[in-house]
Amino acid sequence: MKHSIKSFIGCGVLALCFTACSNNGFNDTEQLYRESLAALKSKDKAKIKKFVTAILPDKGTAKYMEAHSCSYRGYPEGLKKYPHAVDSAISMYTQTLYSYALSLEKNGILDDLQFIGFDSKLYSEPLSPNCKDILIQEPFGLFASPKSNDTIGYKLGELLYVDGKWKSFTKFKLW
């Protein structure tokens, strides 16, 4: 079972399915990145988990995509094959962001870290000709600290705008 969960997540799909239909996500990409920084700065696993839960596709996402005959990297079809991937994805990404927060803190930059924008102008395109209402973006957020001359690139996965909310459908890339 553990191998099948890793395979499902490893293909780049993150899936979250609640018992109650919800519409988690973020209204805009900048809000999503600002909230990620707030979660990191909290260094609180419960707050980070809340952010991770909000950024991942949920049951409402699956229903919307199914109703519009849309699919992305095996989602939402994969939920039927790997229904237990949900808990693993939440745990894995909560731990990933928590460890990242501790690493930034250890380097002495977490408290002063600021979101400064994106590496380029945000561009959204339709997921496919048949799924024009679902948009996709691949933004790289940039964080900086006054204590360092460096910027930190930070990607929260490939983002899809589904049913009015931005959500992450692939692995995070943290530097």
Notebook entry, point to check: Atom CG of L135 and atom CG of L122: how far apart are they, to the nearest 0.5 Å?
Noted result: 12.0 Å
Item checked: Reported OG1-to-CH2 distance for the pair T29 and W166, which is rounded to 0.5 angstrom -> 5.0 Å
Note to self: Taking atom NZ as the centre, does K49 end up with more than 12 heavy-atom neighbours from other residues, nucleotides or ligands that are less than 6.0 angstrom away?
What the structure shows: no
Next item on the list: Report yes if some heavy atom in the side chain of P76 is under 4.5 Å from a heavy atom in the side chain of T61; otherwise report no.
Entry: no
Notebook entry, point to check: N107 side chain to I109 main-chain N or O, any donor-acceptor pair under 3.5 Å?
Noted result: no
Check: Pairs in or reaching into residues 113-125: which pass side-chain hydrogen bond (donor to acceptor under 3.5 Å, both in side chains), with residues at least two apart or in two chains?
Finding: S124-Q137
Check: With the 4.5 Å side-chain cut-off for hydrophobic clustering, are L32 and L142 part of the same group?
Finding: no
Margin query: Can you confirm whether L104 sits close enough to I152 that some side-chain heavy atom of one is under 4.5 Å from a side-chain heavy atom of the other?
Written below: yes
Next item on the list: For residues I136 and P126, report the shortest heavy-atom separation together with the two atoms involved.
Entry: CG2-O, 4.3 Å
Checklist line | Inter-residue atom distance S103.OG - L97.CG, 0.5 Å rounding | finding: 12.0 Å
Check: Between CG of L56 and CZ of F169, what distance do you get to the nearest 0.5 Å?
Finding: 9.0 Å
Next item on the list: From the options D58, N27, N24, select the one residue that forms a side chain to side chain donor-acceptor pair (under 3.5 Å) with K165.
Entry: N27
Item checked: Basic-acidic side-chain contact under 4.0 Å: E30, R34 -> yes
Check: Which distance, rounded to the nearest 0.5 Å, do you find between the CG of L102 and the CG of L40?
Finding: 10.0 Å
Check: For K155, what residues pass the side-chain hydrogen bond (donor to acceptor under 3.5 Å, both in side chains) criterion, not counting sequence neighbours?
Finding: E138
Next item on the list: Any ring-ring contact (aromatic ring centres under 6.0 Å, His included) involving residues 35-61? Give me the pairs, sequence neighbours left out, ordered by first then second residue.
Entry: F26-F51
Check: Just wondering, do P139 and L159 contact through their side chains at under 4.5 Å, heavy atoms?
Finding: yes
Check: Any sub-3.5 Å donor-acceptor pair from D163's side-chain atoms to Y64's backbone N or O?
Finding: no
Notebook entry, point to check: For the hydrophobic clusters of this structure (ILVMFWY residues joined by side-chain heavy atoms under 4.5 Å, transitively), does one cluster hold both L113 and I116?
Noted result: no
Note to self: The criterion is ring pair (Phe, Tyr, Trp, His ring centres under 6.0 Å); which residues satisfy it with F118, sequence neighbours excluded?
What the structure shows: Y33, F115
Notebook entry, point to check: Do Y75 and V162 come close enough that some side-chain heavy atom pair is under 4.5 Å?
Noted result: no
Check: How many angstroms lie between CG in N130 and OG in S71, if you round to the nearest 0.5 Å?
Finding: 11.5 Å
Notebook entry, point to check: Can you check whether L156 reaches Y154 side chain to side chain, under 4.5 Å on heavy atoms?
Noted result: yes
Notebook entry, point to check: What are the two closest heavy atoms between G25 and K167, and how far apart are they?
Noted result: CA-CG, 4.1 Å
Note to self: Ignoring hydrogens, what is the shortest heavy-atom contact between S168 and P57? Give both atom names and the distance.
What the structure shows: O-CD, 3.2 Å
Margin query: Does anything in residues 98-108 form a salt bridge (Lys or Arg N to Asp or Glu O under 4.0 Å)? List the pairs, not counting sequence neighbours.
Written below: K43-E105
Checklist line | Any residue meeting side-chain hydrogen bond (donor to acceptor under 3.5 Å, both in side chains) with Q95, in chain and number order, not counting sequence neighbours | finding: K45, S99
Next item on the list: Return the minimal non-hydrogen interatomic distance between S42 and I48, and the atom names on each side.
Entry: OG-CG1, 4.3 Å
Notebook entry, point to check: Are any side-chain N or O atoms of T94 and backbone N or O atoms of S91, one a donor and one an acceptor, separated by less than 3.5 Å?
Noted result: no
Check: Between F172 and Y100, is the ring centre distance below 6.0 Å?
Finding: no
